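To start, the structure under review is shown below, and the notes come after it.
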Protein chains: 2
Amino acid sequence: MAESLEHAGDPLGGVAGPAVPERLLAAGLADEIEFLAARARSLGSAQANAVLAPLGLKVRSYSVLAVVCGAAEPSQRELAEFLRLDPSQIVTLVDALEQGGLVARAPDPRDRRSKVIRPTPAGQDLYRQAAEAVRTAEDVSLAALDGAERDQLRGLLRKIAFG
Amino acid sequence: MAESLEHAGDPLGGVAGPAVPERLLAAGLADEIEFLAARARSLGSAQANAVLAPLGLKVRSYSVLAVVCGAAEPSQRELAEFLRLDPSQIVTLVDALEQGGLVARAPDPRDRRSKVIRPTPAGQDLYRQAAEAVRTAEDVSLAALDGAERDQLRGLLRKIAFG
DNA sequence: CCCATATAATTGAGTTTGTCAACGATAATT
DNA sequence: AATTATCGTTGACAAACTCAATTATATGGG
């Protein structure tokens, strides 16, 4: 049993999606935070994937690139735990990014089993563009919330996303 | 392009997951609401899947059962839109629930193309147990939040999950 | 120092999930 | 009545997840 961070992307790639009959909103499911989070994420990642596609990224590869560009040389195991992906998926993701010249595997002097992932200049460049694109996508996804509400939401989610 | 609600469940089925180095939290990704929502959902659905397994359900089939038990006879198309799944996935899910004797397809008198899904008594029974199990799982996943924070979070998520 | 045990990355096989196009039946539109 | 659209279904395919096994290395105990 497992629950990856992204799961194979959800079906229904539509960015916006049709309106939902209020009849269904009345059901108990619409009160479950997990369901709401899942639906919000589904909408958000459809939006994000749409803006990332022109850059040759998906939310998955973007998330790896983002950690690599933002954190101090994570190992693949650290990436796996942080992103809640199986180590073997990290291998595939890093392979693709490395082939694209966006990141590089470097030996970890402290542990020769481990490899630290570092961004290349091209990777940092692309990340900057991608991060900007994702911000605009997020802005669309979160259009219903004002700035204060977004901060609130971020804070609450951070509490449950990391324990 | 699509993003389903659940996506193929995320990898990394672990319910709790190891602690994350603070070094990674500093990265920009940890500020993105979509990422936080995805991680929260990943943790939550691992938890939920764990408690649902003994009942023969997963979060997916549970979500269908929940809508069916809570709403006024949704059609399969409505289920697909609400859950953000492809109609063909609904076919599979309803097939399984119907085979398990939990729901039934009934012809829609208003539209003979459409089929409304109704719970059987066994389905309603199982739903009650499952809903209770999911509540306890949610309680674990949201342990870091008090009641007021949970209400706040629910409200914010509802705003973005439905437009 | 040697051995047992544990961990990091990798591979590969197998399952599940998501994506998409096409079809038959029916409805809605003109 | 004819065109066009929609609902459920099927099937073929791609992407993602799951798990076990492997190799290399680390770690801890005798």
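Numbers restart at 1 for each chain; the letters A, B, ... are given by sequence-line order, proteins then strands. None of the values given here were measured: they were computed from a predicted structure.
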Spacing between [X] atom [atom1] and [N] atom [atom2], to the nearest angstrom:
X: A/Arg41; N: D/dA16; atom1: CZ; atom2: P; answer: 12 Å
X: B/Lys115; N: D/dT9; atom1: NZ; atom2: C1'; answer: 7 Å
X: B/Ile90; N: C/dT17; atom1: CD1; atom2: P; answer: 13 Å
X: A/Asp95; N: C/dA9; atom1: CG; atom2: C1'; answer: 10 Å
X: A/Ile117; N: C/dA8; atom1: CD1; atom2: C1'; answer: 11 Å
X: B/Leu93; N: C/dT17; atom1: CG; atom2: P; answer: 8 Å
X: B/Leu85; N: C/dG18; atom1: CG; atom2: C1'; answer: 9 Å
X: B/Gln89; N: C/dT15; atom1: CD; atom2: P; answer: 19 Å

Atom pairs and distances, side-chain donor-acceptor, residues 93-101 of chain B, under 3.5 Å, sequence neighbours left out:
{"from": "B/Asp95", "atom 1": "OD1", "to": "B/Arg105", "atom 2": "NH2", "distance (Å)": "2.0"}
{"from": "B/Glu98", "atom 1": "OE1", "to": "B/Arg105", "atom 2": "NE", "distance (Å)": "3.1"}
{"from": "B/Glu98", "atom 1": "OE2", "to": "B/Arg105", "atom 2": "N", "distance (Å)": "3.1"}

> Among residues 102-114 of chain B, which contact DNA chain D at a heavy-atom distance under 4.0 Å?
Replying inline: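 By residue number: B/Arg105, B/Arg113, B/Ser114.
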
> What are the residues of residues 67-77 of chain B, sorted by number, that bring a heavy atom to within less than 4.0 Å of DNA chain D?
Replying inline: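 Residues of residues 67-77 of chain B under 4.0 Å from DNA chain D: B/Ser75, B/Gln76, B/Arg77.
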
What residues, two or more places apart in sequence or in another chain, satisfy salt bridge (Lys or Arg N to Asp or Glu O under 4.0 Å) together with [X]?
X: B/Lys159; answer: A/Glu149
X: A/Arg112; answer: none
X: B/Asp108; answer: none

Can you tell me if [X] uses its side chain to pair, donor with acceptor, with the backbone of [Y] under 3.5 Å?
X: B/Thr120; Y: B/Gly123; result: yes
X: A/Arg41; Y: B/Ala37; result: no
X: A/Ser75; Y: A/Val116; result: no

>> How close do B/Leu55 and B/Ala133 get, counting heavy atoms only, and between which atoms?
In response: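 For B/Leu55 versus B/Ala133, the nearest heavy atoms are CD1-CB, 4.4 Å.
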
>> By nearest atom, which of the nucleotides C/dT16, D/dG8, C/dA9 is closest to the A/Val91 side chain?
In response: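 Nearest to the side chain of A/Val91 among the choices is C/dA9.
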
>> Could you check whether B/Tyr62 and A/Phe35 have their ring centres less than 6.0 Å apart?
In response: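 Ring centroids of A/Phe35 and B/Tyr62 are no less than 6.0 Å from each other.
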
